[in-house]
Each structure stands twice: as structure tokens, then as C-alpha cells.
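Chain naming here is simple, since letters A, B, ... match the order of the sequence lines and numbering starts at 1 in each. The basis for the numbers below is simple: all heavy atoms, side chains too, and nothing from hydrogens, waters or symmetry mates. Remember, it's a predicted structure, so these values are computed and weren't measured experimentally.
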Amino acid sequence: MRWSQYFIPTLREDPTDAEVVSHRLLLRAGLIRQLGAGIYSYLPLAQRSILKISDIIREEMNAIGGQEFYLPAIHPAELWQESGRWSGMGDNMFRLKDRKGGDYCLGMTHEEVFADIARKHLNSYRQLPQVWYQIQTKFRDEPRPKSGLLRVRQFTMKDAYTFDIDYAGLDISFEEQRRAYCRIYDRCGLEYVIVEADSGSMGGTASNEFMVYTDAGEDMVASCPKCGYAANTEKARSRMNGIDDGSTDQAVEKFPTPGVRTIEDLVTFPGGAAADRQIKTLVYVSVGEKGDETKSTPVLALLRGDHPLNEVKLSNALAKLINKDGWRQTAVRPAHPEEIFDILGAHAGSLGAAGVTNLTVIADEALRGRRNMTTGANEDDHHLRGVSIERDIEVKEWVDIRTVAEGEGCPKCDGLLRVAKALEVGHIFKLGTKYSDSMGARVLTAEGKEVPIVMGSYGIGVERILAASIELHNDEAGIIFPITIAPFQVIVTPLNMKDADLKSTADRIYDELTRAGVEALYDDRDERAGVKLNDADLVGIPFQMRIGQKKLKEGKVEFYTRATRQSEDVAADAAMELALQRIQQATRKLNYAE
RNA sequence: CGGGGCGUGGCUCAGCCUGGUAGAGCGCUCGGUUCGGGACCGAGAGGUCGUAGGUUCAAAUCCUAUCGCCCCGACCA
């Protein structure tokens, strides 16, 4: 490919709208352009890279028996109504009407469509297991798209689905997918961790996320360097040290606390209490629906004063209480200030659960057995001391609803947890029978019994691999692509196109490389050397063949490695061989990484 | 959805506060010099100042509405 005729609109200046590194470099290096909020055009360089990532995914999916499909992006509403997700997905789903007024949506994921095919055509245990996948465009109307390709409204996803006769089969399918995922990320040259995760609106029994540590991520991962435990903080647990509450149960005593509004206020207030000896009382509202009816259920969530609530954990706990008799929880939100006053007769800052009997009270596990605590009195400017939880508060459910913090004890060993930001690049779920039950996908067993198909669902964000790779692999000069996903493997750069010797040597080497099957880009632009070298570094092609006058007089050219920014001299006649060897070496290292 | 910011040649931005016939740098075209880390000289092309309405003798500038984009928060398979 000749650069002079190829479309690579590099930018000399940093785009002001781009905050995160990958966004900035994707724009500057001429890989993408924005069309709208969270909607991007992939230019030729990005498209080449994305196709390479897709090819790796495809190879690894095929290697575990995956069969590639291509399903529609437009789905009739009925399908999503059957699974209950037409309402469950809320505003995140793009919806549209056809000319007859029929409801449709743009697919956010494809459990429903695949399950529909499965229920129509899978009838017998003899047909199972099946591994189906596709690489397809997904649409999600994100409330806030951001960070370039990291959070967008249209993107490419590899989504795979497995169909098994029972849970033992699902375990095997899940494990195969997990291993395939490891190979995919290894081959893409991406450093990742596998973490325990929340299943979210997908439902299901277990899930793992594949995470890349980067500050551009939007999840927090807790991990233990000692035993390897790793979990999304939406799921992570930790070991707590005991706290001395004194040896005797005191009596509950109300005392005035004028102006005290926060946990911190009460710590410094004379006669107050340390944060870990306070009970924090939060008012949340669970919104549920049943057919056309909706209801709001206020609940109290109790935590140790210094512990932050984890809304995902709370939402999961509340869903268990709400989802029965045909009701389904659609949202969980903090109560509005007016609601709080109506419910408890006091404002935030003086709230407590002692003596509350008409509300569901959820308490965090870390409060179990605690005594002589201080909490709000449900009377403005008053608190209670001497509160012993199990004696004074009617707790409906004890659940883990707090967010773990750095430095807390690992739940699996005696190590200490670290917490760091991470980006989700893949998620695998054991779905179980959620969709086969709701959509009626059943098969006959060998004994002639009808059972629901046991499903798994496995997703990879294709562009996120590209963006995450750039987040991890860059320097002040630009992108540093791993060889396997680089748009080109080598760039041939004659430093002066007006020099006939340089040009003819470059022509020849480019021709040799191309004939040898190397993906080479030829920078044949009549630009100054500085421009060409800076562009080559910016775009991040792993190897450069630099052809300049001084070295060529000795019959040599320079072979430059982008990652190390080191050059080595090689005879012009041997240049192609060296490039080929280094490319193969680098590719092999990623493809057969352990 | 709440808070903040920004929309001016292709790009980055100045001009707006204090109204008076639209600017710079980069890029682009042509000519010349230069040629190993984003050169220089000369000559050019290119803008309904996001959109609509209002105030005014006069609006990029003041007012109102609206659209779009970015950031923080809420939310997020």
C-alpha cells in the first residue's frame, strides 16, 4: 500500500475533545472520526486492525467448535417482550416504529434471537451441545457516551451462545469459552485479568469479566496479590477486623445534635462516635412493575458509618424481595428528600432504623452483632446512642451491600486487597435457563423428558480490544501496536523521495516484502524526513525500514523497532529477510504465549 | 436527567466583556530554495461566525429560544 494514495489523515495537533489516551491517538493517528456522540467512523487503518482482531476471535471460536451466524440488527418488539427485557432494558434500547406502527428495536445483544432459533430447531439432546456465535454490530443508547471508542452507542461485538442439556454441560462449555478468551487476548497482545462479576440485567448464575487495568476504565476491580482472588467491586467481598463495642449492652439514649448532618460531623461532635461505631441509614426506592402496574417500595439500607454502599449489590438484594407474584424490579434509586421526610419524619442527617417497623430494613453483613452504636433518631437534630442492632432494629435481610476498599482483608486468604480501575473487554455468563424458560426453548432428554436448554452467553467488545491495546501500548510519540493487530506489519520509509537511489532501493524492498506476503506500507510521500518519521511513530506500525543516504552509501538500511525505538543496520539486500524473521518471531511470541 | 463549558475557513484558536464591513498559526494550491525528527521565501484559494427569532441606524459581539458537542455527576449488558 502506498501512503500517498492511502487515506491516513494524521493530525499535527492534539484534538481538544479527546481526554483519554486511546481517544486522542485514534484521532491523531487517523484511525477514526466522530459522526455523532458515541458514533464513530472507522477509517482504513482502524478497519484493518479491527478485521485482524475479528480474525483472531473467529479462529479461536471455530477452534472450540463455534459456528458463525449473522443475525439481524433490527428485532421485532415481541421477541423482547417475551423475555421481559423490552421494559427491562429501559432507555438504553434504541426503539423504532415501522410504517405500520409496529414496534422494533436495534439489538443490544442477541440472547432472544438465538433462543428463538434454538426453540424452533433444537428438539433433542442428540443435537446438543451447540456453540453459536456471530460478530455483529450492537446498538445501545448510552446515557453518556465518552472516551472515544471506550463507551459508544454503536459498536461491534462478538457474541457467542452455548446450548447444553444440563448444568454439567454448561460448565464444560463455559470452561471452553473461557480458555478461548484467554487465547484471544493473548494473541492480541493484551494484558488482562479474569474477575468474578455481577451478572447484571443478563441474569444467570455465574459470570466472569475479562478486565484490562487502565485508568480509562469505568469499573473497579479488587484483587489479592497473594492468592490471585480478583472480583469486580460490584461483587467483591472482604474480611473485616472486629471492632470493640464494649463489653456491656447499654440502654438506648436520645441526645441532641444540633447542626450535625453527616457521619463526619458526628465524629467530631462532643459525645458523638467514631465512624466505625455509627450506623449509616440510607433510604432507597425499589421500583417494580407487573404488566401495566408499577409500584415503589421504600427500603432502609444500613451500613457501618465509614462504609460506602454498593448500589449493584443493593439492587440485587432488593430484586430477590420484589421479584415475586409476577412483580419485577425495574429500577432502584435513592429516595428524594421529600419522600424521606414523609417516610421517616426527619431529614437526611438524622435518620435511623431503630424502632422502624413499617419498612423493609436491609443491613450490611458487617453490622452483624454490633452493639452500642450511634445513629439518627428520626427527629431532626437528634441522634441515638447505645443502639444494639439485633436488639433494637428489626432487620429483614442481612446482605453484603457495601463496597470493599483498598487494604481490607482478602476473603480467600490472609492477604490484603488492592482496588484499581479497569476496563471490561469481555464478559462470559452462565445464563442457565432464564431465556429458555421465558421463551420456551426445550428439548427431550434420552429418557424422553422435556427439559429447558441450559444456555451460556459470551461477549467481546471488538473495538474495546483496539482501544484498550492503545491505552496500554503507547508512548509520547504515539501508538505501539502489537504485531498481531497492527494495521500493517512494517513501513518502508525512504527519507527523501527526490533521491533516485533511495527511491529505487525503497521500491525494491517494498516489492520484496509484498511478494514475501508481508503487510507493508510504503511511505512514498514527498515529505520531509521529520514528517514521515513522526507519522510512522504516531501510527504505531511495529517495524520501520528506514532508507537514508548515509547508510545506503555503505549498502545498508536501518531496521527500526517501534516498541524500543532502536535501530539496527542491515545490508539492503538482506533487509527483507530480517523484516520477515522479526515479524514471524513477534507473531509467534503472541500466538503461542503461555 | 442535574451541574459546568464550548460552537468563528479543513485543523487549533483569537476577536465577544466595552456593537461599527472577520483575524492568526497550521493545512491546502502555484513558483522557488531546502531535505535524517513536523523547514523557509513569495503569491493565492477558502468563512451564511451552529440555527431561528428579537433589540439596534448597525450584531460574531447584547437578549430569547433551539440544536449539537465535550467534561463532572446520575446511570450503565
**Message:** Among residues at least two apart in sequence or on other chains, which ones pass salt bridge (Lys or Arg N to Asp or Glu O under 4.0 Å) with A/Asp499?
**Reply:** none
**Asked** Quick one: A/Arg333 CZ to B/C75 P, roughly how many Å, whole number?
**Response** 12 Å
**Item:** Euclidean distance, atom OH of residue A/Tyr40 to atom P of B/C69 [Å, nearest integer]
**Value:** 10 Å
**Prompt:** RNA chain B: A/Glu218 or A/Gly36, which has the more 5' nearest nucleotide?
**Reply:** A/Gly36
**Prompt:** Starting at the 5' end of RNA chain B and moving along, which residue's nearest nucleotide shows up first, A/Val312 or A/Ala37?
**Reply:** A/Ala37
**Asked** Hey, does the side chain of A/Thr16 come within less than 4.0 Å of B/C13's phosphate (OP1/OP2), counting only N and O?
**Response** yes
**Message:** If the cut-off is 4.0 Å, is A/Gln34 near the phosphate of B/C70, judged by side-chain N/O to OP1 or OP2?
**Reply:** yes
Using the [atom1] atom in both, what is the distance from [N] to [M], to the nearest Å?
| N | M | atom1 | answer |
| --- | --- | --- | --- |
| B/U64 | B/G5 | P | 14 Å |
| B/A58 | B/G20 | C1' | 7 Å |
| B/A22 | B/U66 | C1' | 25 Å |
| B/U48 | B/A60 | P | 13 Å |
| B/G23 | B/G15 | C1' | 7 Å |
| B/G25 | B/G38 | C1' | 14 Å |

Can [X] be said to sit on top of [Y]'s aromatic six-ring, NZ or CZ under 6.0 Å from centre and within 45° of the ring axis?
| X | Y | value |
| --- | --- | --- |
| A/Arg95 | A/Trp80 | no |
| A/Lys138 | A/Phe155 | no |
| A/Arg546 | A/Tyr560 | yes |

**Request:** Tell me, please, which residues at least two apart from A/Phe559 pass ring pair (Phe, Tyr, Trp, His ring centres under 6.0 Å).
**Result:** A/Phe543
**Request:** Apply ring pair (Phe, Tyr, Trp, His ring centres under 6.0 Å) to A/His347 and list each qualifying residue two or more places apart in sequence or on a separate chain.
**Result:** A/Phe341
Show me, pair by pair, the donor-acceptor contacts under 3.5 angstrom made by side chains of residues 34-41 of chain A, not counting sequence neighbours?
unit_1: A/Gln34; atom_1: NE2; unit_2: A/Gly36; atom_2: O; d: 3.0
unit_1: A/Tyr40; atom_1: OH; unit_2: A/His23; atom_2: NE2; d: 3.3

**Fill in**
With B for base contact, S for sugar-phosphate-only contact and - for none (protein heavy atoms under 4.0 Å), nucleotides 34-42 of chain B reads BBBBBB---
Applying a 3.5 Å limit to both distances, which nucleotide forms a Watson-Crick or G-U wobble pair with [N]?
| N | answer |
| --- | --- |
| B/G46 | none |
| B/C40 | B/G32 |
| B/C6 | B/G68 |
| B/G20 | B/C57 |

**Message:** Under the salt bridge (Lys or Arg N to Asp or Glu O under 4.0 Å) test against A/Asp535, which residue among A/Arg528, A/Arg12, A/Arg525 passes?
**Reply:** A/Arg525
**Request:** Indicate, with a heavy-atom threshold strictly under 4.0 Å, whether A/Phe155 touches base, sugar-phosphate, or nothing.
**Result:** base
**Prompt:** With under 30° as parallel and over 60° as perpendicular, where do the rings of A/Phe114 and A/Tyr161 fit, or are they tilted in between?
**Reply:** tilted
**Item:** A/Trp132 and A/Phe163 aromatic centres sub-6.0 Å
**Value:** yes
Any N/O pairs under 3.5 Å between the protein and nucleotides 71-74 of chain B? List them or say none.
unit_1: B/C72; atom_1: OP2; unit_2: A/Arg144; atom_2: NH2; d: 2.0
unit_1: B/G73; atom_1: N7; unit_2: A/Arg144; atom_2: NH1; d: 3.3

